[in-house]
Protein chains: 2
Amino acid sequence: MGILERKEREREEMRRLILEAAQKLFLANGYEKVSIRNIADEIEYSPATIYLYFKDKNELFFALHQQAFRKLINEFAPIAHLQTPMDKLEEMGRLYIRFAFENPELFDLMFIMNAPMDAIECREDIWDDGHQAFQVLQNVVQECIDSGAIQHPDAERAGLMIWSTVHGLAALFLRKRMMIFGEERKKTLMDEAYDLFVQTIRKGL
Amino acid sequence: MGILERKEREREEMRRLILEAAQKLFLANGYEKVSIRNIADEIEYSPATIYLYFKDKNELFFALHQQAFRKLINEFAPIAHLQTPMDKLEEMGRLYIRFAFENPELFDLMFIMNAPMDAIECREDIWDDGHQAFQVLQNVVQECIDSGAIQHPDAERAGLMIWSTVHGLAALFLRKRMMIFGEERKKTLMDEAYDLFVQTIRKGL
DNA sequence: TTGTTTACTGAACATCGTTCATTATGTTTG
DNA sequence: CAAACATAATGAACGATGTTCAGTAAACAA
């Protein structure tokens, strides 16, 4: 009785098709301009069909946000080859900022938008993707502590402080709050601010 | 010929009335649940009337965002009484975070939402409120540099780094990305992370 | 008292997320 | 093979949304 399994496969395939179309439109036009009807048009199905595979729009965007986290975690992979824990930490921050810069919509979905968080709130679930990603950071910070490169003993606290700084840079940039520095200077100033941060924690953390 | 002036006064009064109603509904129900029709109902006018005083919804929320900036700048005022520049800097960060915590909707409007920035983009204007607020920070940083409390010479660069950290903490908190730390621990962890940041820049910046 | 400017509105447009009765399709049973 | 059932997909609708515009009524000017 392989029929049930085929049905399951077809269901997965359909979810994949919807997410693919959603992602495409999302990256092309930005979140605000993508509607359920647009997505339905793209895959040549009725809008109502999408609701057979996703509870609502929040859940659809939550699924997209999960994909984006897989991408980010992948981009973190190369840091393993670096020599010292402190170099790993520095490169991780740089990768976080670069990810935000090169994938603004994905970053928005992962760390700024409300929709994905609203999706898991009603399911009273934990935010697993975020937890895993932070764990990667926290582990590197712990390495820094163990090797003596960081003196402060609490990896979670230090990790949050570091996350906040790089996230702040990325978020202020993406939400256009850096326009006060001028269109051409804001990117370099952002990089300089991050360099200064790295230099500071190397000395004082 | 005081008629023109009275007309002007009435016009200002009407704008004030609209903004007051919008602010009230905004704080009560959150941005996402406030529509032009709600605001019109609140002041007992037709929805179309609002468009006689504001170009569109973005411009209305831009005006609200200006009010919010006046409030924030006011809350920064007491730092003038503090002794050392470094104490001023520390207290400013704390005030920024507290402002976000106690006025989540206003903070969102000022530093996260797209709407207010979209309003000035088409007017190709500069973001004056943000510029002024950052200037306040930058001045304090410059004091720290002049007094030798901060060694790095560039106040703008250091200011952006500091702004990013406190903003990152506030933004991650408000957009519910700190749920990974647990409901009861996230607020204290946030404060601890800020303390650690202050300690770090006192040592290494 | 006219004519004209101004303030306001009701109704409409296009779009949105979402639901639901109905149809079409595929599967199982007699 | 035919009848009964289960599933997938849909068209049409609901109540919203932001925004526009022709039309009305009141305030002003001549």
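Note that this is a predicted model, so its numbers are computed, not measured.
Take the nearest nucleotide of DNA chain C for B:Arg37 and for B:Met14: the residue whose nucleotide is more 5' is B:Met14.
A:Lys33 has its NZ atom 15 Å from the C1' atom of D:dT17, to the nearest Å. In this entry the distance linking CG of B:Asp41 with P of C:dT9 reads 12 Å, nearest Å. Between the OH atom of A:Tyr53 and the C1' atom of D:dT10 there is a distance of 13 Å, given to the nearest Å. Between the CD1 atom of B:Ile50 and the P atom of D:dG18 there is a distance of 9 Å, given to the nearest Å. Atom CG in B:Leu52 sits roughly 13 Å away from atom P in C:dT6 (whole-Å rounding). Rounded to whole angstrom, the span from the CD1 atom of A:Ile36 across to the P atom of C:dG17 amounts to 5 Å. For B:Arg11 and C:dC8, the CZ to P distance is 9 Å, given to the nearest whole Å. In this structure, the CD1 atom of A:Ile18 is 13 Å from the P atom of D:dA8, given to the nearest Å.
Aromatic pair B:Trp127/B:Phe134: centroids not less than 6.0 angstrom apart. For an aromatic pair to be called close, the ring centres must be under 6.0 Å apart, and B:Phe111 with B:Tyr96 satisfies this.
Counting only residues at least two apart or in different chains, salt bridge (Lys or Arg N to Asp or Glu O under 4.0 Å) contacts with residues 35-55 of chain B comprise B:Lys24-B:Glu42.
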One pair to check against side-chain hydrogen bond (donor to acceptor under 3.5 Å, both in side chains): A:Gln132 and A:Asp128. What are the steps and the verdict? CA-CA 6 Å; A:Gln132 276 180 38; A:Asp128 216 50; 3.3 Å; yes
Residue pair A:Leu60, A:Leu19: steps toward the side chain to side chain contact (heavy atoms under 4.5 Å, CB included) verdict: CA-CA 7 Å; A:Leu60 201 163; A:Leu19 286 176; 4.0 Å; yes
Criterion side-chain hydrogen bond (donor to acceptor under 3.5 Å, both in side chains) on B:Thr188 and B:Asp191, from CA distance to verdict: CA-CA 5 Å; B:Thr188 59; B:Asp191 291 335; over 6 Å; no
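A:Tyr51 has no side-chain polar atom (N or O) that falls below the 4.0 Å cut-off from OP1 or OP2 of C:dC20. Residue A:Ser35 has a polar side-chain atom (N or O) positioned under 4.0 Å from OP1 or OP2 of C:dC16. Applying the 4.0 Å criterion to OP1 and OP2 of C:dT9, one finds that B:Thr49 has a side-chain N or O inside that range.
Which of D:dG18, C:dT18, C:dC8 sits closest to the side chain of A:Lys57 comes down to C:dT18. Comparing atom distances between the B:Ala48 side chain and each of C:dT18, C:dT9, C:dC20 picks out C:dT9 as nearest.
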Starting at the 5' end of DNA chain D, write a dot or bracket for each base, bracketing those in Watson-Crick or G-U wobble pairs whose two distances are under 3.5 Å and using | for partners on another strand. ||..||||||||||||||||||||||||.|
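For the residue pair A:Gln142/A:Asp146, the side-chain donor-acceptor check at 3.5 Å is satisfied.
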